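Treat the numbers as computed from the prediction; the structure is a model and nothing was measured. Ligands are counted one by one from 1 in listed order, and the atoms in each one are counted from 1 as well. No hydrogens, no waters, no symmetry mates; every other heavy atom, side chains included, goes into these values.
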Amino acid sequence: MRILITGGAGFIGSHLCDRLLSDGHEVICLDNFFTGSKNNITHHIGNSRFELIRHDIIQPILLEIDQIYHFACPASPVHYQYNPVKTTKTSVMGTINMLGLAKRVNARVMLASTSEVYGDPKVHPQTEAYWGHVNPIGSRSCYDEGKRVAETLMMDYHRQNKVDVKIIRIFNTYGPRMALNDGRVVSNFIVQALKNKPITIYGDGQQTRSFQYVTDLVEGSVKMMNINNFVGPVNLGNPDEFTIKELAEMVVDLTGSASSIKYLPLPQDDPVQRQPDISLAGKKLKWTPVIKLKDGLEKTIDYFEMLLKNSNIKDYV
Ligand code: NAD
Ligand code: UDP
């Protein structure tokens, strides 16, 4: 198949490029390089089944493709809040453009939605049936509400125009190729620990997240894309839940770091707890994550160690 990956030069998108090329497909990687990097995909340059396009998805594009993995959108709060109007445009106009393209060339399109559609959840763990608890006017809204509208657009193009759509709701995912300046918790803590700088815990560190290693997500995404008669939404995440303080301690331990812990104010609307209920993914996709947090962290630490050794950029975090 010929497959389009929007956000293909980003953290998750680049792992999808690897997987789909190794499965023998033709891959078109589309990115505006806002948070993505050519370094994530240069190893594919020269492969005749790989094409790279610099393009911003808020503008329409016409390509002949069979499937679209629609992953373009900044995902770290630091980056999606940098230009919040642009973030909403990326989710809304970008998704309309991808749905219009899918409709025109009769392609299957899958949206990378997020656990953020559940907001600061009042139901725990979160099932797909939960409608969420989202502040529509806060500093996270450009991302949360943007993705909620993107989901609405997916379902309306499906009902109104019979577009073949899929929705995955991704929970916190980490791994190699997160950017040094990504700003999310796993990369921040690892880079801080490797530099023996203070680990920045926001709030008291008792808030929880459930961390999924990137290859587990890629496996779930590919399964979801290729199953028939199931639109979703489906949660893809690892249900092992940790407090942010536990994560900090684990990273310090695994890196053997001399870092101390520094407590900083909690950002607005920071969700208190988050854990996916993945029974639907288990039932429909026969999928379950297999990488334990400690093992995934070790691989990610190795990546950042290598990056810091070869990098001139010393003071991001
Ligand atoms: P990322 O920031 O590394 O990747 C996003 C990619 O999209 C980047 O390459 C960026 O340059 C590109 N992009 C952004 N705006 C664009 C635009 N207007 N036009 C073209 N390209 C654009 O983030 P990620 O963690 O790899 O996330 C990928 C997708 O998965 C996002 O849609 C995100 O919302 C979703 N997601 C990720 C997580 C996670 O924990 N990593 C959780 C939930 C959802
Ligand atoms: N966080 C933290 N220190 C950091 C970065 C994040 O304590 O340096 C916290 C953040 O406040 C949140 C959790 O870690 O409670 C996860 O944050 P992240 O930005 O990774 O993802 P999200 O909040 O979108 O789940």
Side-chain angles (χ1 to χ4, degrees), residues 5-17 29-38 40-41 53-59 61 69-81 83 86-91 93-95 97-98 111-117 120 140 143-144 146-147 150 168-175 177-179 181-192 198-214 217 221 235-237 242-245 247-248 251 261-274 276 317:
I5 306 175
T6 74
F11 155 52
I12 298 173
S14 65
H15 286 276
L16 268 172
C17 289
C29 167
L30 183 156
D31 210 292
N32 71 349
F33 301 112
F34 173 46
T35 51
S37 166
K38 289 179 193 160
N40 290 339
I41 35 99
I53 302 176
R54 178 190 281 266
H55 179 79
D56 193 307
I57 53 156
I58 71 168
Q59 304 297 338
I61 189 164
Y69 286 80
H70 177 30
F71 277 64
C73 185
S76 158
V78 179
H79 292 130
Y80 69 65
Q81 289 168 9
N83 184 345
K86 176 67 192 259
T87 300
T88 304
K89 280 187 182 174
T90 292
S91 269
M93 295 160 72
T95 302
N97 286 330
M98 287 308 119
L111 171 71
S113 185
T114 168
S115 54
E116 291 284 322
V117 299
D120 191 0
R140 293 175 86 98
Y143 184 71
D144 300 9
K147 290 284 186 180
I168 54 174
R169 291 184 178 153
I170 303 170
F171 284 66
N172 293 67
T173 302
Y174 69 98
R177 301 200 194 132
M178 293 182 89
N181 67 341
D182 181 276
R184 280 175 283 184
V185 69
V186 173
S187 50
N188 267 11
F189 284 4
I190 291 178
V191 175
Q192 289 162 344
I199 307 274
T200 55
I201 291 186
Y202 303 159
D204 60 7
Q206 292 309 307
Q207 71 272 35
T208 68
R209 293 294 185 273
S210 306
F211 298 101
Q212 161 174 242
Y213 190 65
V214 64
L217 171 67
S221 305
N235 290 338
L236 294 179
F242 295 86
T243 67
I244 295 304
K245 186 152 186 280
L247 176 74
V251 169
I261 295 208
K262 180 174 167 188
Y263 289 91
L264 294 174
L266 191 67
Q268 187 198 16
D269 295 335
D270 200 277
V272 175
Q273 53 182 7
R274 191 183 284 151
V317 182

* Asked: Does Leu30 reach ligand 1 with a nitrogen or oxygen that is under 3.5 Å from one of the ligand's nitrogen or oxygen atoms?
  -> no
The option among Ile12, Leu217, Ile170 carrying the non-hydrogen atom nearest to atom 43 (C) of ligand 1 is Ile170
* Asked: Does Tyr174 come within less than 4.0 Å of ligand 1, judged by its heavy atoms?
  -> no
When rounded to the nearest 0.5 Å, the distance separating CD1 of Ile170 from CD of Gln212 is 7.5 Å
closest protein heavy atom to atom 17 (C) of ligand 1 is Asn32 ND2, 3.3 Å
Sequence neighbours excluded, the answer for ring-ring contact (aromatic ring centres under 6.0 Å, His included) partners of Phe71 is none
task = Determine whether any heavy atom of Ala9 lies closer than 4.0 Å to an atom of ligand 1.
result = yes
Requested in this report: Report yes or no: does Ser113 have a heavy atom closer than 4.0 Å to ligand 1?
Outcome: yes
dist Ile57:CD1 -> Thr90:OG1 (nearest 0.5 Å) comes out at 5.5 Å
| query | Gly36 to ligand 1: N or O pair under 3.5 Å? | reply | yes
- Task: Would you check the N or O atoms of Asp31, main chain and side chain alike, for any that come under 3.5 Å of an N or O of ligand 1?
- Result: yes
Of all protein heavy atoms, the one nearest atom 6 (C) of ligand 1 is Gly7 CA, 3.6 Å
A student checking ligand 1 against His55 at a 4.0 Å heavy-atom cut-off should list atoms 19 (N), 20 (C)
- Query: Do the charged groups of Glu116 and Arg140 touch, with an N to O distance under 4.0 Å?
  - Reply: yes
Polar contact flag, side-chain donor to acceptor under 3.5 angstrom, Gln206-Thr243
no
Thr173, any N or O under 3.5 Å of ligand 1 N or O:
yes
Atom 33 (C) of ligand 1: closest protein heavy atom, distance to 0.1 Å, is Tyr143 OH, 3.5 Å
If you scan protein heavy atoms around atom 3 (O) of ligand 1, the nearest is Phe11 N, 2.9 Å
Report yes if Gly10 has an N/O atom closer than 3.5 Å to an N/O atom of ligand 1; otherwise report no.
yes
With a 4.5 Å limit on heavy-atom distance, are the side chains of Val185 and Tyr174 in contact? no
Rounding to 0.5 Å, atoms OG1 (Thr173) and CG (Leu236) come to a distance of 8.5 Å
### Query
Is there a donor-acceptor pair closer than 3.5 Å between any side-chain N or O of Thr208 and the backbone N or O of Arg274?
yes
Output for ligand 2, non-hydrogen cut-off under 4.0 Å, lists Pro77, Glu116, Arg140, Asn172, Gly183, Arg184, Val185, Asn188, Phe189, Thr200, Ile201, Tyr202, Gln207, Arg209, Ile244, Pro267, Asp270, Arg274
Nearest non-hydrogen protein atom to atom 1 (P) of ligand 1, with distance, is Thr35 OG1, 3.6 Å
Atom 31 (C) of ligand 1: closest protein heavy atom, distance to 0.1 Å, is Phe71 O, 3.2 Å
Atoms of ligand 1 under 4.0 Å from any heavy atom of Phe33, numbered from 1 in the order shown, are 11 (O)
Test your reading of the model: is there a side-chain donor-acceptor pair from Asn235 to the backbone of Pro276, 3.5 Å cut-off?
no
Of Thr90, Asn172, Ile168, Thr87, the residue with the heavy atom nearest atom 15 (N) of ligand 1 is Thr90
task: Compare all side-chain heavy atoms of Tyr143 with those of Cys73 and state whether any distance is below 4.5 angstrom.
output: yes
In this structure, CG of Asn188 is separated from CG of Asp182 (nearest 0.5 Å) by 7.5 Å
When distances are taken from atom 19 (N) of ligand 1, the protein heavy atom at minimum range is Ile57 N, 3.0 Å
Review point. Is the backbone of Gly36 close enough, under 3.5 Å, to the side chain of Arg177 for a donor and an acceptor to pair up by distance?
Key: no
If we number the atoms of ligand 1 from 1 as shown, the ones under 4.0 Å from a heavy atom of Asp56 are 17 (C), 18 (N), 19 (N)
The reported gap from OG in Ser113 to NE2 in His70 (rounded to nearest 0.5 angstrom) is 10.0 Å
*Given side chains that start at C-beta, do those of Leu111 and Met98 come closer than 4.5 Å, heavy atoms only?*
no
Query raised in the report: Judging by distance only, is a nitrogen or oxygen of Thr114 under 3.5 angstrom from one on ligand 1?
Result: no
| Lys147: heavy atom below 4.0 Å from ligand 1, yes or no? | yes
TODO: Mark yes or no for whether Thr87, through its side chain, and Tyr80, through its backbone, hold a donor-acceptor pair below 3.5 Å.
DONE: yes
Here the gap from Thr200 atom OG1 to Gln192 atom CD, rounded to the nearest 0.5 Å, amounts to 3.5 Å
The side chain to side chain donor-acceptor pair (under 3.5 Å) partners of Asn32 (sequence neighbours excluded) come to Asp56
Quiz item: Less than 3.5 Å between some nitrogen or oxygen of Gly13 and one of ligand 1, yes or no?
Solution: no
Atom 5 (C) of ligand 1: closest protein heavy atom, distance to 0.1 Å, is Cys73 O, 3.3 Å
Taken in chain and number order and not counting sequence neighbours, the residues that satisfy side chain to side chain donor-acceptor pair (under 3.5 Å) with Asp269 are Asn135
Heavy atoms of Asn181 and His79 approach each other most closely as O-CE1, 3.2 Å
- [ ] Check whether any heavy atom of Lys89 sits under 4.0 Å from an atom of ligand 1.
- [x] no
query = Is there a heavy atom of Arg184 sitting under 4.0 angstrom from any atom of ligand 1?
reply = yes
